[in-house]
Amino acid sequence: MSTRIGDYATRSTEAVRDHPEVRQAVTGATVAFDEKRRRAYGEVDADAWRRWAEAVKNHLLTHLEDHLAEAEAQLEANGAKVHWARDADQAREIVLSLASRLSVRSVVKGKSMLTEEVELNPALERAGIEVHETDLGEYILQLLDEPPSHIVGPAIHKSLEQVRSLFAARLGTDPGGDPDELARAARDVLRNAFLNADMGITGGNFLVAETGTVALIENEGNIRLTTSLPRVHVALVGIEKLLPRMSDLAGFLQLTARAATGQPIGCFVSLVQGPASAPGDDGPEEVHVILVDNGRTDVLLHEHAWEALRCVRCGACLNTCPVYRQTGGHAYGWVYSGPIGSVLDPGLLGLHEAMPLPFASSLCGACFDACPVRIPIPELLLAWREEAQEQGLTPWKERAALAGLATAATRPPLYRAAGRIGTRLGATRAARRLPMLRDWSNDRDPPRPSPRTFRQLWREGIK
C-alpha cells in the first residue's frame, strides 16, 4: 500500500505557494458544497438525525461480528457469493481470481474509495484487463493518471479550462466546449465501455445486514449501469459499512446526501441483493460481495479511533475544513484526506506511517459540526497527537520547546522572567527563527508583543 504522507508539509506548502489555481478551484467547490449542506441540514432537525445515526452506527460497531454473520447469510440466501479479505493483497487476489475464472477482459467501475485504498486498478491493468472509470470525475483523473483528491468530488481541483484542454487532446472536443459538450464526449466513450464490459466493480455505501442489500448512492446513473449491464458484478465493501436493519437505510440515505451535496437524497439509489433470478431477467449472472478488513479491525480495537469507523464517506468534513480548502486532497498523500483522513489513516496505516496528518488541523471544530454521524474529529486528532508525542514521533525541537514551555509555566519566577524576555525578543527578527514559530512566520508577520507584560499591566490597575 503506497503512501506519500510523510511529505505532507512539502506538498501542502507547494499547493499554497505554487498552485493558486488549485486553491481557487478547491475553495470554490467546497464552499458551495458546504453552503448546500447547511441549507439541507436546516430543513430538518439535523441534531436529532445526527444523534440517531451516531447511535445506530455505535450499535453496529459494538455488535459487528453478529451483523457480519447475518449479512453473509442473507447475501448467500439472495444468491450472492461472499468473500472475505483481511487486507489489500487478498482483496486484489479475490478480484483477479474471479476475473481469471470468468475470462474477464474489460471492467467498468463505479466510484469507490475502497478500490483506491486497495489499489485495484493497477492490479487489473497489470493482468491485462481494460479498466474504465465511469464516474465523470474519476474518468477525468484516469485520463490524467491522477488519484482522486476528494471523497465525493474526485476532480474538484481541476478547472473547466483544464478539462477542456484535456478533452480536446484526448477526445477531440472543441477547445472552448461547454460542460454539456464535454459530458457528451465522455458519455460516448463510456457507453461502448458499458456495452462491452465483462465485469462491473463498485464499492458500497451501505450493506444492510437484515436483508443482505448493498446500497449505492450516485447522481450520474453510471453505477446503475455498472451493476446491471455486465454479466458479473463485484462489490467491495468495508466491514464497517453495515447497517443493522432495512428501516435504518432510509434515514442514512437522506442524511448522507444532505451532508455530501445538500440534496434530500441522491438522484439514483441502487439496491443490490443478488444476481438475476432467471435467464433473461435484468441484472448480472453473478454477484460477488467482498467484505474487506484492511486494518479496520485494528481501528475498532483502538481506545479512541474506533469512532472514525462511523464515517459514511460524505466528505462534509473536507468541505468545511479551512486547511483542506487551502491545500486540496493530494497534499495528504493517501486515499482519505482532510479531517477524516487525519484520524482514520493513522488507524488503518499505523501512526508512524500517517505522520504528520494528526497535526494538519487548526482544531477549529467545524468538522464535528458538519459530520452526519458526529465523529469527534478534534478529540481524535488530540488523541493521536498525544500518542505521537509519547512515541517520540514529533520533531525533537518541538518536543524540547514544549518541555521548556511546561517547565516555565509551572515555575512562577521562571515564568515571570520568560515573560519579560519574551516582550523584548518578540519584537526582533530572531523571534521568527524560534522552534514552532519558524514555519508559521514564513508566510505571515507575527504580532508585535506589548512592551509591558500582562502582570505589569495588572499591577498598574488595567484589568
Do the side chains of [X] and [Y] get close enough for a salt bridge, i.e. N-O under 4.0 angstrom?
X    : Y    : result
K111 : E138 : no
R184 : D188 : no
E307 : R310 : yes
E286 : R101 : yes
R374 : D369 : no
D7   : R4   : no
D248 : R245 : yes
K81  : E285 : no

**Request:** For H157, check ring pair (Phe, Tyr, Trp, His ring centres under 6.0 Å) against everything at least two apart and list the hits.
**Result:**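 H330.
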
**Message:** Test your reading of the model: is there a side-chain donor-acceptor pair from R231 to the backbone of L102, 3.5 Å cut-off?
**Reply:**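 The answer is yes, because a donor-acceptor pair under 3.5 Å joins these two groups.
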
**Request:** Using modelled atom types only, decide if a donor and an acceptor are shared between the side chain of K57 and the backbone of V312 within a distance under 3.5 Å.
**Result:**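 Looks like no, no N/O pair under 3.5 Å.
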
**Asked** Taking the inter-plane angle between the rings of Y8 and Y332 on a 0 to 90° scale, is it parallel (under 30°), tilted (30 to 60°) or perpendicular (over 60°)?
**Response**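 Geometry flag for Y332 against Y8: tilted rings.
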
**Request:** Report the relative orientation of the aromatic rings in H304 and H302; use parallel for angles under 30°, tilted for 30 to 60°, perpendicular for over 60°.
**Result:**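 Tilted.
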
**Asked** Does the side chain of T202 pick up a donor-acceptor pair with the side chain of H233 at under 3.5 Å?
**Response**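 Indeed, the side chains of T202 and H233 share at least one donor-acceptor pair under 3.5 Å.
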
**Request:** Tell me, please, which residues at least two apart from D178 pass side-chain contact (heavy atoms from CB on, under 4.5 Å).
**Result:**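 Only D180, E181 meet the side-chain contact (heavy atoms from CB on, under 4.5 Å) criterion with D178.
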
**Request:** May I ask you to check whether over 12 heavy atoms, not counting those of E65, lie within 6.0 Å of atom CD?
**Result:**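 No, CD of E65 has 12 or fewer neighbouring heavy atoms, counting only those of other groups under 6.0 Å.
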
**Message:** Tell me whether H352 at atom NE2 has more than 12 heavy atoms from other residues, nucleotides or ligands lying less than 6.0 Å away.
**Reply:**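 No, not enclosed.
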
**Item:** Cation-aromatic face contact R313/Y336, 6.0 Å, 45 degrees
**Value:**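 Yes, R313 and Y336 form such a contact.
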
